[in-house]
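Excluded from the calculations below are hydrogen atoms, water molecules and symmetry mates; all remaining heavy atoms, backbone and side chain alike, are included.
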Amino acid sequence: QVQLVESGGGLVQTGGSLRLSCAASGRTFSGYQMGWFRQAPGKEREFVASIRWIRDSTYYGVPVKGRFTISRDNAKNTVYLQMNSLKPEDTAVYYCAAGPSDRATYYRESYDYWGQGTQVTVSS
């Protein structure tokens, strides 16, 4: 059974940083892509970033490009999201997701497995 467990969320001031982690287990993830999505109250879940498990291809949503960095540690089966220069509009529940690499990376429908989410709150 695939499990994705996020951690690292919390409360931070504007301009601060956080690093989210997503520990994956339950299957071999080669051939998969790992993504981060976020959902703010009253809004749709939106794409944040993704990375291919084997190759180094990374992708970012426009609102976070240049501020967030996605990376992975294959040995630990863990994906990270380093978030710098945080803004109040980054406040949301952040979800880790996994899906086959041959699907479009930006769409939540491309991902089969989801974590439970971790809250990130940025105060002004």
Side-chain angles (χ1 to χ4, degrees):
Q1 182 177 353
V2 173
Q3 274 197 313
L4 303 175
V5 180
E6 303 99 333
S7 60
L11 174 64
V12 65
Q13 291 186 334
T14 297
S17 298
L18 281 174
R19 189 177 81 154
L20 305 183
S21 299
C22 172
S25 62
R27 66 159 296 139
T28 300
F29 288 95
S30 58
Y32 265 59
Q33 59 186 330
M34 305 296 292
W36 286 97
F37 288 74
R38 68 186 183 185
Q39 187 166 18
K43 293 190 176 182
E44 295 285 321
R45 190 171 298 189
E46 67 170 351
F47 173 81
V48 174
S50 65
I51 187 168
R52 303 286 198 241
W53 197 262
I54 294 294
R55 300 168 65 182
D56 287 336
S57 303
T58 57
Y59 306 86
Y60 295 94
V62 170
V64 308
K65 199 166 188 178
R67 299 188 297 123
F68 291 11
T69 302
I70 190 170
S71 62
R72 70 188 188 286
D73 184 330
N74 289 358
K76 295 182 178 179
N77 263 15
T78 299
V79 176
Y80 304 98
L81 184 68
Q82 178 67 43
M83 306 186 295
N84 298 330
S85 303
L86 283 161
K87 307 174 182 180
E89 50 264 44
D90 295 317
T91 295
V93 177
Y94 283 69
Y95 297 90
C96 177
S101 289
D102 60 351
R103 297 179 185 172
T105 198
Y106 299 102
Y107 303 111
R108 57 187 177 182
E109 294 80 6
S110 297
Y111 297 83
D112 295 331
Y113 306 106
W114 293 83
Q116 81 288 351
T118 186
Q119 176 70 46
V120 171
T121 303
V122 184
S123 63
S124 56

Heavy-atom nearest pair, Ser123 first then Leu11, reads CB-CD1, 4.3 Å

> Would you say the side-chain atoms of Ser110 pair up with the backbone N or O of Ala104, donor to acceptor, closer than 3.5 Å?
Replying inline: yes

Nearest heavy-atom approach of Ser21 to Thr78 is CB-CG2, 4.3 Å

Separation between OG (Ser124) and CD (Gln13), nearest 0.5 Å, reads 9.5 Å

In this structure, CG of Asp90 is separated from CG of Leu18 (nearest 0.5 Å) by 10.0 Å

Going by chain and number, the hydrophobic cluster around Tyr59 (ILVMFWY, side chain to side chain under 4.5 Å) further includes Phe37, Phe47, Val93, Tyr95, Tyr106, Tyr111, Trp114

The residue among Glu44, Glu6, Glu46 that forms salt bridge (Lys or Arg N to Asp or Glu O under 4.0 Å) with Arg38 is Glu46

Taken to the nearest 0.5 Å, the spacing of Tyr94 OH from Met83 CE works out to 5.5 Å

What one should report as the nearest heavy-atom pair of Leu4 and Cys22 is CB-SG, 4.0 Å

Practice item. Check whether any side-chain N or O of Thr91 sits under 3.5 Å from a backbone N or O of Val122 as a donor-acceptor pair, and report yes or no. Key: yes

Shortest non-hydrogen pair, Ala49 vs Tyr60, comes out as CB-CD2, 3.7 Å

In this structure, OH of Tyr113 is separated from CZ of Phe29 (nearest 0.5 Å) by 7.5 Å

| said: Could you tell me if the side chain of Val2 sits less than 4.5 Å from the side chain of Asp112, heavy atoms only? | reply: no

Q.
Measuring only between side-chain heavy atoms, which start at C-beta, is Trp36 closer than 4.5 Å to Cys96?
A. yes

The reported gap from CZ in Arg52 to OG1 in Thr105 (rounded to nearest 0.5 angstrom) is 5.0 Å

### Message
Tell me whether Tyr80 shares a hydrophobic cluster with Ile51, the cluster being built from Ile, Leu, Val, Met, Phe, Trp, Tyr side chains joined at under 4.5 Å.
### Response
no

Fill in: CD/Gln3: more than 12 non-hydrogen atoms of other groups inside 6.0 Å
no

Rounding to 0.5 Å, atoms CZ (Phe68) and OG (Ser17) come to a distance of 9.5 Å

In terms of heavy-atom contacts, Ala40 and Ala92 come closest through N-CB, 3.8 Å

Any side-chain heavy-atom pair of Thr14 and Pro88 under 4.5 Å: yes

Q: Apply the test side-chain contact (heavy atoms from CB on, under 4.5 Å) to residues Met34 and Ile70: give CA-CA distance (whole Å), side-chain angles for both, the deciding distance (0.1 Å), then the verdict.
A: CA-CA 9 Å; Met34 305 296 292; Ile70 190 170; 5.5 Å; no

What one should report as the nearest heavy-atom pair of Gln39 and Lys43 is NE2-O, 3.1 Å

Q. When you measure from the side chain of Gln33 to the backbone N and O of Arg103, does any donor-acceptor pair fall under 3.5 Å?
A. yes

